[in-house]
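No hydrogens, no waters, no symmetry mates; every other heavy atom, side chains included, goes into these values.
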Amino acid sequence: MSTIEIIYEFEFMDGKRMLYPLLLDKATISLIPEHKTPLPFWTELDCSRCSVCSLLKDKSPHCPIAANISDLVEHFKDVRSTEQVRITVITAERTYFKEATIQRGLSSIFGLIMATSGCPIMNFLKPMARYHLPFSTDEETIVRSVSMYLLRQYFIAKRRGSPDLSLERLDKSYSLVQEVNRGICSRISKAIIEGKSRGDAASNAVIILDSFSQLLMMEIEQKLDSLASLFEE
């Protein structure tokens with residue numbers, strides 16, 4: 001098959017269900033967009049544009065991340081972040097299930113969308129998206145992030161490049177990710193104000209992602225000491 005399908009289903013306590021199938025191109029690990037048109041104003045590239053954005057307006061009139069999360073932001077605009085839901089994630093290999101707050105579920109799907117939307121800052125996360133692990137803990141995500149990065153360094157060395165075993169470039173990459181998170185939060189805030197929405201689930205979902213970026217940077221600064229005991233002989 002040329003595509004990877006990942007289906008998110010949100011079931012609310014009142015029985016209402018929301019289904020969000022995502023399709024990724026298997027060769028490029030890029031999201032195949034299915035968002036509605038016309039897109040809302042807050043998805044325009046120059047609306048709360050990230051300080052580190054390198055996209056050109058004539059080639060990308062809309063922020064690719066904002067465009068791809070716009071339907072989710074609209075559907076959950078009046079939902080409180082702490083509302084409990086049953087979340088099912090279906091992949092070809094297995095099915096995941098978790099009862100959690102709506103912000104936790106949205107954080108998981110947002111992370112997948114943000115990594116695969118074509119944002120130059122987020123593209124380095126595509127390998128993690130290929131092996132998407134919904135609802136991963138902070139420790140699991142740190143292990144996956146660092147492991148994927150070091151695997152990338154192996155292939156860089158194999159091509160006679162200069163591998164980064166100090167994780168210096170990974171730290172810089174997540175610093176840029178934080179700037180993207182701030183930009184997306186600002187866009188969602190504009191959407192909430194414009195739509196006179198009552199919910200905070202979408203914005204809090206991005207904040208959860210941003211807190212992980214901060215945690216990983218702290219771990220790198222501390223030389224991943226919290227994981228060292230796993231590798232003691």
Side-chain angles (χ1 to χ4, degrees), residues 6-14 16-23 31 33-51 53 62-89 96 98-119 121-122 125 128-129 132-136 138 141 177-215:
I6 301 174
I7 301 172
Y8 270 76
E9 181 183 59
F10 297 85
E11 182 182 354
F12 293 80
M13 295 301 106
D14 62 3
K16 182 176 68 174
R17 295 173 183 263
M18 290 185 175
L19 194 69
Y20 295 94
L22 302 177
L23 277 180
L31 183 68
E34 292 188 356
H35 49 70
K36 298 176 183 177
T37 54
L39 289 165
F41 80 96
W42 58 269
T43 67
E44 294 175 5
L45 188 64
D46 286 340
C47 179
S48 296
R49 182 172 181 152
C50 299
S51 61
C53 180
H62 294 269
C63 165
I65 292 176
N68 286 323
I69 66 171
S70 59
D71 286 348
L72 281 163
V73 172
E74 172 64 23
H75 290 161
F76 289 95
K77 64 182 181 182
D78 293 321
V79 179
R80 302 299 300 175
S81 60
T82 55
E83 184 170 344
Q84 291 287 319
V85 288
R86 298 183 182 92
I87 310 159
T88 304
V89 184
Y96 305 85
K98 187 175 182 66
E99 291 189 358
T101 59
I102 190 64
Q103 66 182 2
R104 187 69 182 85
L106 282 180
S107 178
S108 184
I109 192 172
F110 276 7
L112 178 58
I113 292 173
M114 292 173 74
T116 58
S117 286
C119 169
I121 300 298
M122 307 295 285
L125 295 170
M128 285 185 66
H132 182 54
L133 180 61
F135 324 125
S136 58
D138 287 342
T141 308
V177 167
Q178 286 188 304
E179 293 300 319
V180 174
N181 289 338
R182 293 187 187 102
I184 295 301
C185 276
S186 179
R187 290 176 181 275
I188 293 174
S189 295
K190 289 182 183 295
I192 290 172
I193 293 171
E194 176 72 13
K196 298 180 181 179
S197 306
R198 300 183 302 274
D200 61 354
S203 56
N204 281 356
V206 180
I207 290 171
I208 289 174
L209 292 174
D210 193 57
S211 66
F212 164 72
S213 299
Q214 296 177 40
L215 179 61

- Query: For Ser48 and Trp42, what are the C-alpha separation, side-chain angles and deciding distance, and is it a side chain to side chain contact (heavy atoms under 4.5 Å, CB included)?
  - Reply: CA-CA 8 Å; Ser48 296; Trp42 58 269; over 6 Å; no

What pairs with [X] under salt bridge (Lys or Arg N to Asp or Glu O under 4.0 Å), at least two apart in sequence or on another chain?
X: Glu83; value: none
X: Arg49; value: Asp46
X: Glu34; value: none

Examine distances only and state if a side-chain atom of [X] and a backbone atom of [Y] form a donor-acceptor pair shorter than 3.5 Å.
X: Ser108; Y: Gly105; value: no
X: Ser189; Y: Cys185; value: yes
X: Arg187; Y: Glu44; value: yes
X: Ser70; Y: Ala67; value: yes

- Quick one: does Pro21's side chain get under 4.5 Å of Ile7's, heavy atoms only? yes

- Query: Got Leu72 and Ile113 here, is their nearest side-chain heavy-atom distance under 4.5 Å?
  - Reply: yes

- Item | Distance-only donor-acceptor check, side chains Gln178 and Ser213, under 3.5 Å | no

- Item | Whether Tyr20 and Phe10 hold their rings parallel, tilted or perpendicular, with breakpoints at 30° and 60° | perpendicular

Which distance, rounded to the nearest 0.5 Å, do you find between the [atom1] of [X] and the [atom2] of [Y]?
X: Ile188; Y: Ile69; atom1: CD1; atom2: CD1; answer: 4.0 Å
X: Gln84; Y: Arg86; atom1: CD; atom2: CZ; answer: 10.0 Å
X: Leu112; Y: Leu133; atom1: CG; atom2: CG; answer: 11.5 Å
X: Asp210; Y: Leu215; atom1: CG; atom2: CG; answer: 11.5 Å
X: Ile87; Y: Met18; atom1: CD1; atom2: CE; answer: 13.0 Å
X: Asn68; Y: Thr116; atom1: CG; atom2: OG1; answer: 7.0 Å

Show the nearest heavy-atom pair for residues [X] and [Y], with the distance to one decimal.
X: Ala100; Y: Arg104; answer: CB-CB, 4.0 Å
X: Thr101; Y: Ser81; answer: CB-O, 3.4 Å
X: Thr141; Y: Ser136; answer: OG1-OG, 2.7 Å
X: Phe110; Y: Ala202; answer: CE2-O, 3.5 Å
X: Cys53; Y: Leu45; answer: SG-CD1, 3.9 Å
X: Cys50; Y: Val180; answer: SG-CA, 3.7 Å

- Message: For Gln103 and Ile207: C-alpha separation, side-chain torsions, deciding distance, then whether side chain to side chain contact (heavy atoms under 4.5 Å, CB included) applies.
- Response: CA-CA 9 Å; Gln103 66 182 2; Ile207 290 171; over 6 Å; no

- Message: Determine whether Leu22 and Ile109 satisfy the following criterion, side chain to side chain contact (heavy atoms under 4.5 Å, CB included), listing intermediate values before the conclusion.
- Response: CA-CA 9 Å; Leu22 302 177; Ile109 192 172; 3.8 Å; yes

- Task: Using the side chain to side chain contact (heavy atoms under 4.5 Å, CB included) rule, take Glu179 and Ile121 through it: C-alpha gap first, then chi angles, then the decisive distance, then the call.
- Result: CA-CA 9 Å; Glu179 293 300 319; Ile121 300 298; over 6 Å; no

